[in-house]
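Naming convention: chains lettered A, B, ... in sequence-line order (proteins, then strands); numbering from 1 in each chain.
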Protein chains: 2
Amino acid sequence: MKKNPEQCQVVVALDMIVGKWKPIIIQHLLNGDVLRFNELRRLMPDITQRMLTLHLRELEEQDIVQRKVYPQIPPKVEYSITEYGKSLETVMDAMHEWGAAHVEHMEMKKKEDALSEKEI
Amino acid sequence: MKKNPEQCQVVVALDMIVGKWKPIIIQHLLNGDVLRFNELRRLMPDITQRMLTLHLRELEEQDIVQRKVYPQIPPKVEYSITEYGKSLETVMDAMHEWGAAHVEHMEMKKKEDALSEKEI
DNA sequence: CGGTATCCATAATGATACTG
DNA sequence: CAGTATCATTATGGATACCG
């Protein structure tokens, strides 16, 4: 991780959740589900094994996700949100709402643009 | 923009604000300041001209930032937040707060880890 | 089952020089 | 002043094969 330009704390928060699949992983765990590696894969059919591993490791490092290994064969590993990770919910909710609103905003804008085209 | 995996709206929101300098640009404009290109540069000494241009154009495209050109020589261009862009404030605040808390959390964790090292 | 290891493609950012 | 253009570098993600 490089220096945070202008010490902006927003950037700190962003660093936690950016990554193509991170927000989705977080969302899946935020409701309290405890999921095994392959369960997560099934929830995100397009993610590669590699990326799932990488992102999970990062989230673990960041104390957002807890990894519990059962030393048995075949192996069993469970992932869950940490207590601290739950604090992300507020942020995620805010973003979810804004994201939804944004989709609508963009659709509205499209229509407006289409209309003004006609007028010209 | 690629397809949003699992239609997660959080991802939509993230797309608006990710980019190494985007959140900082947004922060500088969110308080209502109207800033010229080089004023923004001075506020972010490490950004390159190229990246500032690219990010500003994207933010304009996204209807977050308004660009006003005064057709004169030497040129004068002013950037400001749009009405719609202001709606980002809630999200940015949430992230800022969480980011700040996260910094503290990580410092705490470091100390704890250091302590348990001693105990062993 | 839950991963690693390699290698590769693309995207994001940076450095530098130039311009109306 | 406010950019473009070009080239180089790095970060991110994907494909595939293999492993304990």
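Ion pairing between a basic and an acidic side chain is recognised when a charged N comes within 4.0 Å of a carboxylate O; A:R42 and A:E39 show no such pairing. Remark: A:E83 engages A:K86 in a salt bridge, criterion side-chain N to carboxylate O under 4.0 Å.
When the C1' atom of D:dT12 is taken as reference, atom CG of B:L14 falls 15 Å away, rounded to whole Å. Taking atom CE on A:M51 and atom P on C:dT6, their separation rounds to 18 Å, with Å as the unit. In this structure, the CD1 atom of A:I73 is 14 Å from the P atom of C:dG3, given to the nearest Å. If you measure from atom NZ of B:K22 to atom P of C:dA11, you get 15 Å, rounded to the nearest angstrom. Nucleotide D:dT16 holds its P atom 17 Å from the CD1 atom of A:I47, rounded to whole Å. At whole-Å resolution of the value, CD in A:E58 and C1' in C:dG3 are 16 Å apart. With rounding to whole Å, A:K76 atom NZ is found 9 Å from C:dG2 atom P. Atom P of nucleotide D:dA15 and atom CG of A:L52 are separated by 15 Å, given to the nearest angstrom.
Between A:H55 and D:dG13, a side-chain N or O to OP1/OP2 separation shorter than 4.0 Å is present. Between B:R67 and D:dG3 there is a side-chain N or O to OP1 or OP2 distance below 4.0 Å. Residue B:K20 places at least one side-chain N or O closer than 4.0 Å to OP1 or OP2 of C:dG14.
Two residues are said to be in side-chain contact when any heavy atoms from C-beta on lie closer than 4.5 Å; B:Q49 and B:F37 meet this criterion.
Picking from D:dG14, D:dG3, C:dT4 the nucleotide with the shortest atom distance to the side chain of B:V77 gives D:dG3. The nucleotide whose nearest atom lies closest to any side-chain atom of A:P75 is, among C:dG2, D:dG14, C:dA15, C:dG2. Among C:dA17, C:dG3, C:dT13, the nucleotide with an atom closest to any side-chain atom of B:Q49 is C:dA17.
Contact detail for A:L14 and B:P23: the closest heavy-atom pair is CD1-CG, 3.6 Å. The minimum heavy-atom distance between B:Q27 and A:C8, with the atom names listed, is NE2-SG, 3.9 Å. Across all non-hydrogen atoms, the minimal contact from A:E89 to A:L30 is CA-CD1, 3.9 Å.
Within 6.0 Å of CD on B:E58 lie more than 12 heavy atoms contributed by other residues, nucleotides or ligands.
Rotation axes derived from the C1' atoms of the five outermost pairs at either end of the helix from C:dC1-D:dG20 to C:dG20-D:dC1 lie 50° apart, to the nearest 10°.
Applying a 4.0 Å cut-off to non-hydrogen atoms, the residues of residues 32-42 of chain A that approach DNA chain C are A:R36, A:F37, A:N38, listed by residue number.
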Sequence neighbours left out, cut at 3.5 Å: what donor-acceptor pairs do the side chains of residues 63-73 of chain A make with other protein atoms?
residue: A:D63; atom: OD2; partner: B:H105; partner atom: NE2; Å: 2.8
residue: A:R67; atom: NE; partner: A:Y79; partner atom: OH; Å: 3.2
residue: A:Y70; atom: OH; partner: A:E78; partner atom: OE1; Å: 2.9

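Note on B:Y79: only backbone sugar-phosphate atoms sit closer than 4.0 angstrom, heavy atoms only; bases stay farther off.
For the atom pair CD1 (B:I25) and CG (B:L35), the distance works out to 10.5 Å, reported to the nearest 0.5 Å. Interatomic distance, B:T90 OG1 to B:M92 CE, rounded to the nearest 0.5 Å: 11.0 Å.
Counting distance only, with no hydrogens placed and no angle test, the side-chain atoms of B:R50 and the base atoms of C:dT13 include a donor-acceptor pair under 3.5 Å.
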